[in-house]
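Report on the structure given below.
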Amino acid sequence: MAAAPKGISRVDALQNLLTDLFATPVAVDRWERVEPWTIAKVRLRSTSALPRSVVVKWVPDGQRDARPAPWRLRTELAALQFLREELGTALAPRVIAADTAAGFLVLEDLAPRVALDQLLRQDGVAGHGDRLAAFARARGALSAATAGGAEAYYARRAGLGPVDAAADAAGRFAPLREEAIRRTAALGAPLTDRAGRELAASMEELENPGPFLALSNGDAEANNVLLHATGPADARLIDFEFAGYTHALTDAVCLYVPGPAWLTVGDPATTGAADHYRHALALGIPEAEDDRRYGDGLAAACMSWALVRLQRVALLDTRSPGDHSRLQLIATLEAAAHTADTHRSLPHLTAWIRRTAAMLRRRWPDADQDFADPTRFPPYRARR
């Protein structure tokens with residue numbers, strides 16, 4: 001057995017926890033660290049009904065007394081227990097055991113499922129259209145299942161330690177939007193008054209979502225959904241360390257606008273992902289059937305994400321010509337603008353985003369490329 005961090009202390013703690021919980025001896029046969037995260041796949045030996053393989057997540061030893069890492073562990077525990085025990089949904093892994101004092105969780109091992117981003121990188125969308133659809137449905141289903149449950153979730157979360165529900169609704173990236181506006185103005189593209197008013201209205205929509213208030217895992221990207229590479233496309237969502245109640249449509253942004261891993265994500269209307277997501281969402285949030293309300297919320301969410309990414313502009317300005325992060329930023333801005341145009345929302349903010357993208361194309365001639373070319377930039381082309 002490979003040694004766990006800090007000798008075998010965590011292995012011993014795990015064995016003791018499971019032995020006490022299941023009233024039968026439990027031994028760790030194998031501990032395999034999943035780098036670079038503080039996660040391990042653990043093979044167990046027991047006479048109980050315990051699964052043979054589990055996933056263990058832990059707080060790094062040097063961070064047990066710091067706020068962020070233990071806070072994330074408690075958040076994940078609360079979210080996963082809320083989904084399974086109060087809502088009865090199997091969209092996420094089951095919690096087998098937890099020791100928040102020792103700083104670790106024992107979770108259901110979802111293997112042989114693998115991350116969707118791995119499949120998309122390997123085979124492209126054409127090889128996994130049904131899995132992309134399953135991902136979209138799962139994101140919509142999570143919001144549908146959790147809408148209206150904020151009070152119950154935060155009661156459970158508060159039982160594990162302090163939590164700020166208002167900060168969850170506003171989003172942890174909110175300060176980055178103001179930074180993006182300042183940096184872009186310094187480069188010669190100041191936000192116009194009309195665009196500023198539309199931005200303020202869209203941020204108000206996101207922070208006060210009404211019926212669209214739902215639980216998000218806080219990182220709705222393709223690396224955080226696991227599916228079988230072949231066979232049934234039954235998706236499971238993972239990584240709830242930043243979970244919280246926020247506007248449901250923030251979880252749809254990943255279908256429309258590139259996240260950190262991608263240069264392009266394609267048109268979700270063409271792939272069908274848009275319809276799969278919206279139909280699943282409407283089962284729990286009927287207001288999603290209202291084209292105007294849905295479109296305004298989606299445009300606001302996409303614009304918010306574009307601004308979060310735009311705050312990196314000064315950093316990207318220092319990078320060498322040809323760096324893919326420059327391509328990615330321009331593609332992100334233009335994808336957000338396209339989404340808003342499609343839903344006839346935020347016209348002045350959209351115009352400003354397009355002007356900013358055009359300015360960056362002139363500033364970075366190496367990034368002045370045609371992202372609509374399906375040969376060079378197919379859906380889910382990975383960033384180097």
Side-chain angles (χ1 to χ4, degrees), residues 39 51 54-55 57 72-98 105-120 128 130-154 156-157 168 209 211-229 231-255 259 268 272-286 288:
I39 298 174
V54 297
V55 169
K57 299 183 74 170
R72 293 198 301 267
L73 194 78
R74 291 192 293 268
T75 296
E76 179 145 29
L77 173 60
L80 295 180
Q81 289 181 330
F82 173 69
L83 290 171
R84 184 70 64 137
E85 297 174 13
E86 296 194 35
L87 300 183
T89 176
L91 281 169
R94 178 171 59 92
V95 177
I96 294 171
L105 301 179
V106 184
L107 306 177
E108 172 187 10
D109 185 358
L110 296 171
R113 294 178 182 87
V114 297
L116 176 61
D117 73 322
Q118 176 182 327
L119 299 175
L120 294 175
H128 295 291
D130 54 345
R131 280 152 189 80
L132 183 62
F135 170 48
R137 286 194 298 271
R139 296 254 52 111
L142 176 66
S143 295
T146 58
E151 184 176 352
Y153 167 73
Y154 283 109
R156 178 181 286 272
R157 176 62 184 82
D168 285 346
F212 284 89
L213 184 65
L215 185 72
S216 169
N217 72 332
D219 189 2
E221 290 291 341
N223 59 303
N224 284 330
V225 60
L226 304 184
L227 306 103
H228 294 285
D234 53 339
R236 297 292 185 272
L237 304 174
I238 62 169
D239 197 0
F240 282 74
E241 293 182 357
F242 290 100
Y245 267 76
T246 189
H247 199 298
L249 291 173
T250 59
D251 274 6
V253 172
C254 61
L255 303 175
D275 286 341
H276 285 291
Y277 169 81
R278 189 174 179 183
H279 291 161
L281 178 68
L283 293 177
I285 304 178

Which residues satisfy the side-chain hydrogen bond (donor to acceptor under 3.5 Å, both in side chains) test with [X], sequence neighbours excluded?
| X | answer |
| --- | --- |
| Asp234 | Arg113 |
| Arg157 | Thr75 |
| His128 | Asp123 |

CA sep, side-chain torsions, deciding dist, call: Asp109, Val55, side chain to side chain contact (heavy atoms under 4.5 Å, CB included): CA-CA 5 Å; Asp109 185 358; Val55 169; 4.0 Å; yes
Those residues that, when tested against [X], pass side-chain contact (heavy atoms from CB on, under 4.5 Å) (two or more places apart):
| X | result |
| --- | --- |
| Pro51 | Val54, Ile96 |
| Leu283 | none |
| Ala144 | none |
| Ala150 | Tyr154, Leu213, Tyr245 |

Looking only at heavy atoms, which two atoms of Ala134 and Leu227 are closest? And how far apart?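 Minimum heavy-atom separation between Ala134 and Leu227: CB-CD2, 3.7 Å.
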By salt bridge (Lys or Arg N to Asp or Glu O under 4.0 Å) - contacts of [X] (at least two apart):
| X | answer |
| --- | --- |
| Arg156 | Glu85, Glu86 |
| Glu108 | Arg84 |
| Arg94 | none |

Ring pair (Phe, Tyr, Trp, His ring centres under 6.0 Å) against Phe82, all qualifying residues, sequence neighbours excluded: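 Testing Phe82 for ring pair (Phe, Tyr, Trp, His ring centres under 6.0 Å), a comparison that skips the adjacent residues, returns Tyr153.
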Assess the residue pair Leu237 and Leu83 against the criterion (side chain to side chain contact (heavy atoms under 4.5 Å, CB included)); give the C-alpha distance rounded to whole Å, side-chain angles, the decisive distance to 0.1 Å, and a yes or no. CA-CA 11 Å; Leu237 304 174; Leu83 290 171; over 6 Å; no
Which residue pairs pass the salt bridge (Lys or Arg N to Asp or Glu O under 4.0 Å) test when at least one of the two sits in residues 242-253, sequence neighbours left out?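 Output for this query lists Arg139-Asp251.
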Okay, side chain of Arg131, backbone of His228: is any donor-acceptor separation there less than 3.5 Å?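 Side chain of Arg131 to backbone of His228, a donor-acceptor pair under 3.5 Å: yes, one is there.
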Full working for side chain to side chain contact (heavy atoms under 4.5 Å, CB included) between Leu116 and Asn223: CA-CA 6 Å; Leu116 176 61; Asn223 59 303; over 6 Å; no
Calculate, to the nearest 0.5 Å, the distance between atoms CZ and CD belonging to Phe242 and Glu76 respectively.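 Going from CZ on Phe242 over to CD on Glu76, the span is 10.5 Å.
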